[in-house]
Amino acid sequence: VTGLEKGHFRVFEDQVEQDIVHFNQRSAPISVGLIFDVSASMGENFNLNRAKNAIVGFLKEGQEEDEYFLVTFNTRTTLVQSFTRSSETVQNEVATQKAGGSTALYDAVYMGLEYVRRGSNQKKAIILITDGEDNSSRYSPSEVREFAKESNVQVYAVGMQGLLGYGGTVINNIIRITGGRQFLPVNFNDLDYYIGLIHAELRSQYVVGYNPNNRIHDGKWRRIRVQLEPLPGLPDISVHAREGYYAPGN
C-alpha cells in the first residue's frame, strides 16, 4: 500500500504510545542473503529448477548498490558465495547446485542471520526457499528465534504447503518477530510470483522511527506494536513490522 503518511501510523512500545520522529518511504539498497534448500526432496517435481529460475529472476531485478550472499543447505550448511554486488556471480553459483541429502533448515537460517550482519546496507533481509521440514539441524528453533530477536534483519520464506508441516509454524514464529512474511504455495509452479512479491515488498516499505519514552537500560525485551488509522475507501490493512527489540544493558 503506497501513499500513506506519518499521520496514518501509531506506534506503541509495551502498550505506551510513542511520538514518531522519523518517517519516510523510499527505495533503498538492500543486503540480501539467499538461503537455498538443495536437499534430496528439492530434486523431485522440478522444484530445484523452479527455485533456481526464481532466484535468478530476483537477482535480475536488483539495483546497482544491492549486495547478495548465497547459503545452501541439505545435510550441511554452506556459505557458497560471500557478499557481492555482482548478481551474475550469484546466478552462476545457483546454476551449479544439485539436490541431495537431508534438511538442516534451522542451521541455515541461523547462518544467514549471522552472516547478513556483515552487509554494508542499512536494510538487511534473508530469503529462505525450501520445500520441506528440518530433520538434521544442530540449532534448535528456540535458539534461532532468540537470535532473530537480536537481529535487525527481515526474514522471508517460501515453503511448500503441506510438506513444511510443523516447521511452517516454527519458521513463521521466527519471521513474524522480524516483520517479514511467509508464503506457503501448494506447489512451486508459482514460485516466481512469490519471489517477485518479496522483492516488491523490500522495495516499498515505510520506515517509522521513534525515541523510546522508556530510557532505562535494563536489557529487557520491548514489545512494539504498529497500528494504522482507518483509511477511508480502503479495507482493513494488515501491518507487518518488527515486533520488538532488546533495550541496551547497563
Side-chain angles (χ1 to χ4, degrees), residues 1-2 4 6 9 11 20-36 51 54-73 77-94 108-129 144-158 171 174-183 192 194-211 224 226 239-246 248:
V1 178
T2 59
L4 300 180
K6 177 180 174 181
F9 290 85
V11 177
I20 295 174
V21 299
H22 175 81
F23 179 86
N24 69 43
Q25 185 194 23
R26 60 185 177 85
S27 180
I30 51 178
S31 298
V32 182
L34 299 164
I35 316 300
F36 185 20
I55 292 172
V56 168
F58 178 89
L59 292 167
K60 287 182 176 179
E61 293 295 321
Q63 299 180 356
E64 186 176 352
E65 295 183 3
D66 293 343
E67 58 181 3
Y68 317 90
F69 69 90
L70 175 66
V71 167
T72 61
F73 67 97
T77 301
T78 306
L79 176 65
V80 175
Q81 174 60 54
S82 57
F83 266 122
T84 178
R85 285 196 165 93
S86 170
S87 62
E88 291 83 4
T89 299
V90 183
Q91 290 177 46
N92 291 338
E93 293 290 356
V94 168
V109 174
Y110 196 97
M111 176 182 280
L113 288 169
E114 188 172 47
Y115 192 79
V116 75
R117 292 178 166 187
R118 307 183 189 187
S120 58
N121 295 320
Q122 186 173 10
K123 181 182 287 188
K124 297 177 175 63
I126 64 173
I127 302 172
L128 168 67
I129 301 173
V144 179
R145 187 174 186 273
E146 191 62 29
F147 195 24
K149 289 173 73 173
E150 299 171 1
S151 305
N152 187 23
V153 179
Q154 283 184 288
V155 181
Y156 287 86
V158 182
I171 291 297
I174 295 168
I175 289 168
R176 195 178 63 247
I177 292 169
T178 72
R181 292 182 70 187
Q182 177 176 242
F183 302 97
D192 287 347
Y194 292 102
I195 296 297
L197 188 58
I198 292 171
H199 184 272
E201 288 200 5
L202 286 171
R203 293 295 178 201
S204 57
Q205 296 180 335
Y206 295 91
V207 180
V208 183
Y210 67 96
N211 294 319
I224 297 171
V226 181
V239 178
H240 295 272
R242 184 166 183 81
E243 289 192 349
Y245 69 99
Y246 281 109

Original post:
Should Ile126 and Leu113 count as side-chain neighbours, where that means a heavy-atom distance under 4.5 Å?
Top reply: yes
Subject >> Ring geometry between Phe69 and Phe83 (parallel below 30°, tilted from 30 to 60°, perpendicular above 60°) >> reply: perpendicular
**OP:** Could you list the residues that satisfy salt bridge (Lys or Arg N to Asp or Glu O under 4.0 Å) with Arg176, not counting sequence neighbours?
**Re:** Glu243
**OP:** Check for a donor-acceptor pair, side chain of His199 on one end and backbone N or O of Glu61 on the other, with a separation under 3.5 Å.
**Re:** yes
Original post:
Can you find a pair of side-chain heavy atoms, one from Gln25 and one from Thr2, that are under 4.5 Å apart?
Top reply: yes
Original post:
Heavy-atom count around Gln63 CD within 6.0 Å, excluding the residue itself: above 12?
Top reply: yes
**OP:** Not counting sequence neighbours, which residues clear side chain to side chain donor-acceptor pair (under 3.5 Å) with Ser204? List them please.
**Re:** none
**OP:** Please test Thr178 against Val153 for side chain to side chain contact (heavy atoms under 4.5 Å, CB included), starting from the C-alpha separation and ending with a verdict.
**Re:** CA-CA 6 Å; Thr178 72; Val153 179; 5.9 Å; no
**OP:** Compare all side-chain heavy atoms of Leu197 with those of Tyr156 and state whether any distance is below 4.5 angstrom.
**Re:** no
Original post:
Does CD belonging to Glu65 count more than 12 external heavy atoms closer than 6.0 Å?
Top reply: no
Original post:
How many angstroms lie between atom CD1 of Ile175 and atom CZ of Arg181, to the nearest 0.5 angstrom?
Top reply: 10.5 Å
**OP:** Measure the spacing between CG of Leu59 and CG of Asn92 and express it to the nearest 0.5 Å.
**Re:** 10.5 Å
**OP:** Looking only at non-hydrogen atoms, find the nearest pair between Ser86 and Thr84 and report the distance.
**Re:** N-OG1, 3.0 Å
Original post:
Are the side chains of Val158 and Ile198 in touch, meaning some heavy atoms are under 4.5 Å apart?
Top reply: yes
Subject >> Minimal non-hydrogen separation, Gly112 against Ile35, with atom names >> reply: CA-CD1, 3.9 Å
Original post:
Would you say the side chains of Glu67 and Ser31 form a donor-acceptor pair under 3.5 Å?
Top reply: yes
Subject >> Point-to-point distance, once rounded to the nearest 0.5 Å, from CD1 of Ile20 to NZ of Lys6 >> reply: 6.5 Å
Original post:
Would you call Arg117 and Glu150 a side-chain contact if the rule is heavy atoms closer than 4.5 Å?
Top reply: yes
Original post:
Do the side chains of Ile195 and Ile55 get nearer than 4.5 Å, heavy atoms only?
Top reply: no
Subject >> Name of the residue among Val80, Val109, Leu128, Leu79 meeting side-chain contact (heavy atoms from CB on, under 4.5 Å) with Val71 >> reply: Leu79
Original post:
Do any N or O atoms from the side chain of Lys123 and from the backbone of Leu202 form a donor-acceptor pair under 3.5 angstrom?
Top reply: yes
**OP:** Could you tell me which non-hydrogen atom of Gln91 sits nearest to which non-hydrogen atom of Val56, and how far apart they are?
**Re:** OE1-CG1, 3.6 Å
Original post:
Thr77 side chain to Phe73 main-chain N or O, any donor-acceptor pair under 3.5 Å?
Top reply: no
**OP:** Answer yes or no: is there a donor N or O on one side and an acceptor on the other, between the side chain of Thr72 and the main chain of Phe36, under 3.5 Å?
**Re:** no
**OP:** Please tell me if the side chains of Ser120 and Arg85 come closer than 4.5 Å, counting only heavy atoms from C-beta onward.
**Re:** yes
Original post:
Just by distance, with hydrogens left out, do Gln154 and Glu201 show a side-chain donor and acceptor under 3.5 Å apart?
Top reply: no
Original post:
When you look at Lys124 and Asn152, which way does the side chain to side chain contact (heavy atoms under 4.5 Å, CB included) test go after all the steps?
Top reply: CA-CA 7 Å; Lys124 297 177 175 63; Asn152 187 23; over 6 Å; no
Original post:
Is there side-chain contact between Ser82 and Tyr115, with at least one heavy-atom pair below 4.5 Å?
Top reply: yes
**OP:** Can you sort out the partners of Arg203 under salt bridge (Lys or Arg N to Asp or Glu O under 4.0 Å), two or more places apart, ordered by chain and number?
**Re:** Asp66
Original post:
How many angstroms lie between OH in Tyr206 and NE2 in His240, if you round to the nearest 0.5 Å?
Top reply: 14.0 Å
Subject >> Expected output: side-chain Lys149 to main-chain Tyr246 donor-acceptor under 3.5 Å >> reply: no
Subject >> From Ile30 atom CD1 to Tyr68 atom OH, the distance as rounded to the nearest 0.5 Å >> reply: 6.5 Å
Original post:
Any side-chain donor-acceptor pair under 3.5 Å between Gln182 and Tyr194?
Top reply: no
